[in-house]
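Proteins come first, then strands; the chains are lettered A, B, ... in the order of their sequence lines, and each starts at number 1. This one's a predicted model, so the numbers in the text were calculated from it and none came from an experiment.
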Amino acid sequence: MLNHTNALTGLRTRLLTLAGTWDFAKENEQFTPTIGRAYIEEEYSPGPSNQRGVGPLGTVETLPQYHLKLHTPEGLGVTAAQTFRDALLALFPPRLAITLSDSTALQVRTSPGPMLGPMKRYKPGWITSPVTLSLWALTPNSH
Amino acid sequence: MTFSADLKAFAAKVEGRQREIFVRSTQEITRSMAEGSELTGAPGQPVDTAALRTDWATNGAFTEQWVWETGTNKDYAEAIEYDLPVNGGAKFSEIQKSPVGGTHSRAATIAGWQNIVNHVAGEVVG
């Protein structure tokens, strides 16, 4: 089975290499955004799993999702928000395989590829752009 | 029964199964969006007045022979899907009162489409 703690750690490690000055609002941790400074908010969904291989220790497919919200300070123009989002998408392209600490390859799916929500001002001070990364991992069953 | 008739009967049977898989897959999409689904991991819609859940449960329609569409025009659906601030305040998950449903059902349903088809095809074909 996919170790979701390892999966989230791998995703965060990759995300933290995103260039630029921004803060990270991790799931279920206290966070107060700083006015005028971009930040990324994360949410991890473990998703469904199916045993694809036959019998004991057969291969299990797991389909997690990593939901990110990119908050860019408002008033900077749409280009700043788009550039921020484009950089994120370039960091997690379809077919990217992230090697987790237990050697599992967590891949960004091609179908569906990254899903983008509308870029809007949902709260005062920021323009928000939702991005969902659909992921895929094959692991041996442990039983 | 001629060989030609056999082929026609086989083609009709295959097309019938395709149609059944398609129709039942749309029903699974509806269930995933409205109530949640183990096939997709979608939590379904939270329920207060049930207006949004009812939208997802009833708005699906066949617009062409092999095209089915669904959606909602509830303005708060976006805040629930993406877990965004509602009316500029707290984000949806921080103020959710419903014990059922949650966020990201649309994304989970799209990502779980192949699971839906695999499951339905397995039931139809056996």
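Interface residues of residues 42-59 of chain A toward chain B, defined by a heavy-atom distance below 4.5 Å and sorted by number: A/Glu43, A/Pro48, A/Asn50, A/Arg52.
Interface residue B/Glu78: only side-chain heavy atoms are found under 4.5 Å from chain A. Of the two parts of B/Thr103, only the side chain, counted from C-beta on, holds a non-hydrogen atom closer than 4.5 Å to a non-hydrogen atom of chain A. A/Arg109 touches chain B through its side chain: at least one heavy atom from C-beta onward sits under 4.5 Å away, while N, CA, C and O do not.
Tracing side-chain contacts under 4.5 Å through hydrophobic residues (I, L, V, M, F, W, Y), one reaches B/Met33 starting from B/Ile80; they form part of the same cluster. Transitive grouping of hydrophobic side chains (ILVMFWY, heavy atoms separated by less than 4.5 Å) keeps B/Trp56 and B/Val47 in distinct clusters. B/Ile110 and B/Tyr82 fall into different hydrophobic clusters, defined by Ile, Leu, Val, Met, Phe, Trp and Tyr side-chain heavy atoms under 4.5 Å apart, directly or through other members. With hydrophobic clusters built from ILVMFWY side chains whose heavy atoms lie under 4.5 angstrom apart, A/Ile127 does not share a cluster with A/Leu18. Clustering ILVMFWY residues whenever any of their side-chain heavy atoms sit less than 4.5 angstrom apart, transitively, puts A/Leu11 in a cluster other than the one holding A/Leu63.
Identified under the salt bridge (charged side-chain N to carboxylate O under 4.0 Å, His left out) test for residues 14-35 of chain A, with sequence neighbours left out: A/Asp23-A/Arg37.
For the set A/Pro130, A/Ser134, A/Pro124, the count of heavy-atom pairs under 4.5 angstrom toward chain B peaks at A/Pro130. Listed options A/Arg121, A/His67, A/Met115 were ranked by heavy-atom pairs under 4.5 angstrom with chain B; first place goes to A/His67. Counting heavy-atom pairs closer than 4.5 Å to chain A, the top residue among B/Glu81, B/Glu38, B/Gln114, B/Lys91 is B/Lys91.
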Notebook entry, point to check: Under the side chain to side chain contact (heavy atoms under 4.5 Å, CB included) criterion, do B/Arg106 and A/Thr132 qualify, and how do the steps go?
Noted result: CA-CA 11 Å; B/Arg106 177 179 161 276; A/Thr132 294; over 6 Å; no
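Side-chain N or O atoms of A/Lys69 include one that pairs as donor or acceptor with a backbone N or O of B/Asp83 at under 3.5 Å.
Around CG of B/Asp6, the count of heavy atoms belonging to other residues, nucleotides or ligands within 6.0 Å exceeds 12.
Counting only heavy atoms from C-beta outward, the side chains of A/Glu61 and B/Asn115 approach each other to under 4.5 Å. In this structure, B/Trp113 and A/Pro112 have side chains that are not in contact, with every pair of non-hydrogen atoms separated by 4.5 Å or more.
Between the CG atom of B/Leu84 and the CD atom of A/Glu41 there is a distance of 8.5 Å, given to the nearest 0.5 Å.
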